[in-house]
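Keep in mind that the numbers below use all heavy atoms, side chains included, and drop hydrogens, waters and symmetry copies. Both ligands and their constituent atoms are indexed starting at 1 by order of listing.
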Amino acid sequence: MEEQEIYILGVGHNTIVYIDLAESCGYKIAGLYHYNEERTGEYVHGIPIIDSNTNLFQRESLGGMNFIVSVGENAIRTNLSNKIREMGGNIPTVIHPSAIVSKYSKISEGVVIHANSVVQADASIGKDTVLSYNTSLSHTSSVGESCYIAFNATIGAYIKVHDFVLMGQSASLVSGKLEYVGKNAVIGAGAVVINNVEADTIVIGNPAKTLDK
Ligand SMILES: CC(C)(COP(=O)(O)OP(=O)(O)OC[C@H]1O[C@@H](n2cnc3c(N)ncnc32)[C@H](O)[C@@H]1OP(=O)(O)O)[C@@H](O)C(=O)NCCC(=O)NCCS
């Protein structure tokens with residue numbers, strides 16, 4: 001099969017992780033794009049920053065180009081992804097070969113699943129959501145669009161995680177204890193969640209409680 005080219009949008013501390021991921025999935029990295037025009041021409045781990053995001057979005061079309069948006073922040077990643085799609089670019093679903101994703105699950109476009117994660121049967125993941133490494137999504141649960149599920153996070157069965165949720169590293173949603181995590185909620189690192197989480201709230205601790213700011 002011919003090697004497909006892909007561009008990575010966003011250059012930061014985890015760019016190398018995305019380079020590694022894309023190459024592990026059989027892509028050839030054609031170049032990086034950065035928001036800062038002054039960095040054009042630099043090399044990052046041997047891959048050139050070929051242009052700025054601004055110039056990229058001034059092109060007539062992105063038709064025929066594949067992209068990974070390597071931005072952790074959910075709203076920024078989603079805005080960039082939507083722009084790319086509006087201009088005809090493609091954001092493929094990228095799943096590390098060591099991840100175990102059930103053929104009975106439903107994975108939407110632009111989803112990224114890093115190494116060693118597990119998605120069980122009857123689970124679903126919405127557009128532009130990232131599952132970092134070592135995460136697990138149990139059966140009959142769903143993660144909405146534009147979420148970031150950090151490494152070692154676990155989501156039990158029969159739980160609905162709404163859009164734009166950040167789940168911190170090693171956080172856990174306990175099967176049988178909760179039904180949903182509301183839109184835009186943040187689950188603190190290491191939290192053990194046993195109650196529903198309302199939209200726009202932050203929860204921390206074990207058992208997780210709302211963080212009043
Ligand atoms: C929950 C979180 C969002 C809060 O961040 P913040 O709004 O900047 O809050 P602060 O750091 O000011 O902490 C506020 C209070 O919550 C406590 N706290 C913060 N994060 C906590 C956590 N994960 N577990 C328990 N307590 C926590 C702090 O000790 C502090 O308590 P105090 O007021 O008694 O001193 C953040 O700490 C977190 O866990 N983010 C997830 C990070 C992550 O996993 N990213 C993915 C990897 S890329």
[atom]: protein heavy atom closer than 4.0 Å?
atom	value
atom 33 (O) of ligand 1	no
atom 29 (O) of ligand 1	no
atom 39 (O) of ligand 1	yes
atom 6 (P) of ligand 1	yes
atom 12 (O) of ligand 1	yes
atom 36 (C) of ligand 1	no

Side chain proximity check, [X] to [Y], heavy atoms < 4.5 angstrom:
X	Y	result
R85	K127	yes
V11	I8	no
I113	V94	no

Students should be able to answer this: which protein heavy-atom is nearest to [atom], and at what distance?
atom	answer
atom 3 (C) of ligand 1	V186 CG1, 3.7 Å
atom 26 (N) of ligand 1	I204 CD1, 3.5 Å
atom 44 (O) of ligand 1	Q169 N, 2.7 Å
atom 4 (C) of ligand 1	L211 CD2, 4.1 Å
atom 9 (O) of ligand 1	K213 NZ, 3.3 Å
atom 46 (C) of ligand 1	A150 CB, 3.4 Å

Looking at A157, is its backbone amide N or carbonyl O close enough to the side chain of T140 to form a donor-acceptor pair, meaning the two atoms are under 3.5 Å apart?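 Answer holds: no.
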Give the numbers and elements of all ligand 1 atoms closer than 4.0 Å to a heavy atom of G168.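 Counting atoms of ligand 1 from 1, those under 4.0 Å from G168 are 41 (C), 43 (C), 44 (O).
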Of the listed options G190, A189, A171, closest to atom 22 (C) of ligand 1 (non-hydrogen atoms):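 It is A189 whose heavy atom sits nearest to atom 22 (C) of ligand 1.
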Is NZ or CZ of K160 both nearer than 6.0 Å to the six-membered ring centre of Y180 and within 45° of the ring axis?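 That pair does not qualify as a cation-pi contact.
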Evaluate the ring planes of Y33 and F67, with Trp represented by its six-membered ring, and classify them as parallel (under 30°), tilted (30 to 60°) or perpendicular (over 60°).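 Answer is tilted, since the angle falls between 30° and 60°.
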When you check the side-chain N and O atoms of R39 and N36, is any donor under 3.5 Å from an acceptor?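 Checked: R39/N36 side chains show no N/O donor-acceptor pair below 3.5 Å.
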Side chains of S172 and T154 only: does a donor on one sit below 3.5 Å from an acceptor on the other?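 Note: S172 and T154 side chains meet the donor-acceptor criterion.
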For Y104, I'd like to know if atom OH has over 12 heavy atoms of other residues, nucleotides or ligands within 6.0 Å.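 No, not enclosed.
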